Enquirer: 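Below: one structure in structure tokens.
Only a predicted model underlies this, so the values are computations on that prediction, with no experimental measurement involved. Each ligand, and each atom within it, is numbered from 1 in the order the structure gives. Hydrogens, waters and symmetry mates are skipped; everything else that's a heavy atom, side chains included, is used.
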Amino acid sequence: MSEHLSFSQHNGLGLLQLDRPRALNALSMEMVSGLRDKIVAWEADESISEYLMVGSLDKGLCAGGDVKALYTEAVAAPKGEAVAITRDFFYYEYQLNALLSELRKTFSVLMNGVCMGGGMGLAINANNRIVSETTKIAMPETAIGFIPDVGATYFLSRLPSEVGTYMALTGARLSPADALAVGLATHFVPQENLPALIDMTKEQGSRAALDRFAEPKEAAGPSQLTEQMAMIERCFSADRVSEIVERLHHEGGEAAAMAEVMQTRSPSSMVLSLALQRNAEGRSFKECLQLEFNVAQWLFNPKRLERSDFFEGIRSVLVDKDHNPRWHPSKVDDVTPDQVAQALSFPADRIAFLV
Ligand code: QUE
């Protein structure tokens with residue numbers, strides 16, 4: 001079992017704690033499989049009636065998958081094995097995401113602090129998604145040459161207007177008020193009350209604890225995203241990334257600033273993410289996870305690995321921290337429709353979902 005997890009039971013509550021604060025609770029393979037095994041056991045355990053997941057009250061729920069470790073292991077391994085390392089991690093993470101989407105018991109999660117990427121995959125299917133004033137929500141994968149995954153193809157594409165497309169392409173950070181406004185979060189509890197919320201959930205369950213500590217959504221303050229919604233709709237409804245960028249420049253102001261952010265993101269990641277978002281209609285959560293897995297495996301194809309935007313992105317953002325990635329290709333219009341089609345239909349392993 002992972003040293004970065006702890007589990008305990010309190011009057012029918014199963015408490016799942018991520019405990020790796022120095023890495024912002026970034027998920028290792030051991031953490032993913034430890035969570036999976038405990039949840040499978042608790043689903044069958046009649047003495048457990050609900051779950052609460054918490055990260056660090058200082059730092060936050062979770063920064064994502066431990067992609068830095070994945071990078072270090074993969075660059076040290078022979079090519080074939082590098083692919084296997086990334087394949088296994090994402091396979092087990094997506095299995096866990098699917099398991100969390102079909103729980104038999106009420107599931108609450110504290111989304112304080114950093115709640116990004118893989119952290120969103122843990123939280124998104126909870127019944128009670130509790131934010132505080134410290135919450136920072138994002139799907140930032142296009143910054144590291146990857147794609148919003150962990151079911152983002154499903155849950156971002158179902159957000160109001162084009163908010164999901166905006167989040168997927170830019171990696172924009174949402175405030176607690178934004179998250180409540182678009183439905184990514186369900187409850188607001190001030191940071192100072194989180195310890196008491198946890199204590200009361202242990203004693204009396206989540207219903208009583210939220211009745212006591214959840215505040216009206218207005219307490220989270222105004223949502224900037226709500227004010228930008230009409231502009232986001234106008235710009236991010238385009239069918240091509242280059243068209244979105246043109247529309248943003250044409251709008252000027254804060255829209256143009258979004259276009260500037262997109263200049264720094266991986267062109268391949270943005271084009272693939274847009275295709276995944278547009279492809280999500282009518283698909284189930286698991287079908288979306290499988291499509292993401294296909295694309296992830298295509299990105300890790302050994303033939304293209306040395307030119308992989310994923311490795312270059314992790315190198316530039318998390319390892320060397322020069323924030324100066326050299327993307328291949330460097331322009332969105334150089335990512336061909338044929339490549340996109342290949343990526344989405346890449347014959348990756350079928351994920352054997354547990355539920
Ligand atoms: C985009 C991402 C991630 C990121 C930064 C990005 C991501 C991730 C981490 C991260 C943060 C702190 C750690 C760590 C990883 O940063 O997925 O190991 O200690 O996990 O711009 O997708």
Side-chain angles (χ1 to χ4, degrees), residues 2-5 18-32 35 55-56 58-76 85-86 88-94 96-97 111-124 134-153 155-156 164 166-174 258 260-270 272-273 276 289 292-293 295-296 299-300 308-327:
S2 170
E3 61 190 311
H4 297 128
L5 294 173
L18 309 184
D19 188 17
R20 196 186 182 194
R22 276 180 295 180
L24 287 174
N25 287 329
L27 296 169
S28 64
M29 178 85 109
E30 291 70 31
M31 290 164 77
V32 164
L35 284 167
S56 154
D58 293 334
K59 303 279 181 64
L61 179 69
C62 172
D66 189 357
V67 288
K68 205 174 4 174
L70 221 54
Y71 171 91
T72 311
E73 280 179 58
V75 291
I85 290 163
T86 50
D88 289 353
F89 177 77
F90 292 108
Y91 187 100
Y92 293 119
E93 186 183 30
Y94 299 172
L96 172 63
N97 298 138
M111 300 169 71
N112 62 292
V114 174
C115 188
M116 299 189 185
M120 287 301 293
L122 297 178
I124 194 66
T134 64
T135 295
K136 298 173 191 70
I137 282 176
M139 292 303 292
E141 289 82 359
T142 59
I144 57 165
F146 193 46
I147 48 148
D149 62 338
V150 297
T153 298
F155 65 76
L156 291 184
Y166 161 64
M167 288 182 69
L169 268 53
T170 65
R173 213 183 249 193
L174 267 59
M258 291 176 186
E260 292 305 314
V261 169
M262 289 172 69
Q263 296 299 341
T264 69
R265 303 306 193 225
S266 157
S268 302
S269 294
M270 289 191 290
L272 288 166
S273 299
L276 284 166
L289 284 169
E292 292 161 6
F293 192 60
V295 174
L299 290 169
F300 305 138
S308 160
D309 274 4
F310 179 62
F311 283 175
E312 173 63 5
I314 297 173
R315 183 204 63 73
S316 85
V317 172
L318 293 171
V319 180
D320 298 341
K321 302 188 180 169
D322 56 28
H323 294 275
N324 189 21
R326 283 186 293 176
W327 303 126

Enquirer: Any donor and acceptor pair, going by atom type alone, linking the side chain of Trp327 with main-chain N or O of Thr264 inside 3.5 Å?
Expert: yes

Enquirer: Suppose we screen for salt bridge (Lys or Arg N to Asp or Glu O under 4.0 Å). Which residues come up paired with Asp66, at least two apart in sequence or across chains?
Expert: Arg20

Enquirer: Restricting to non-hydrogen atoms, name the atom on Gly117 and the atom on Val150 that form the minimum distance, rounded to 0.1 Å.
Expert: O-CG2, 3.6 Å

Enquirer: Just how far is it from atom CD of Glu141 to atom CE of Met116, taken to the nearest 0.5 Å?
Expert: 10.5 Å

Enquirer: Classify the ring geometry of Phe310 against Phe146: parallel below 30°, tilted from 30° to 60°, perpendicular beyond 60°.
Expert: tilted

Enquirer: I want to check something: taking the side chain as every heavy atom from C-beta on, are Leu27 and Glu93 in contact at a cut-off of under 4.5 Å?
Expert: yes

Enquirer: Anything with a heavy atom under 4.0 Å from ligand 1 counts, so go ahead and list those protein residues by chain and number.
Expert: Ala23, Ala26, Ala63, Gly64, Gly65, Asp66, Val67, Pro140, Glu141, Ala143, Ile144, Val317, Leu318

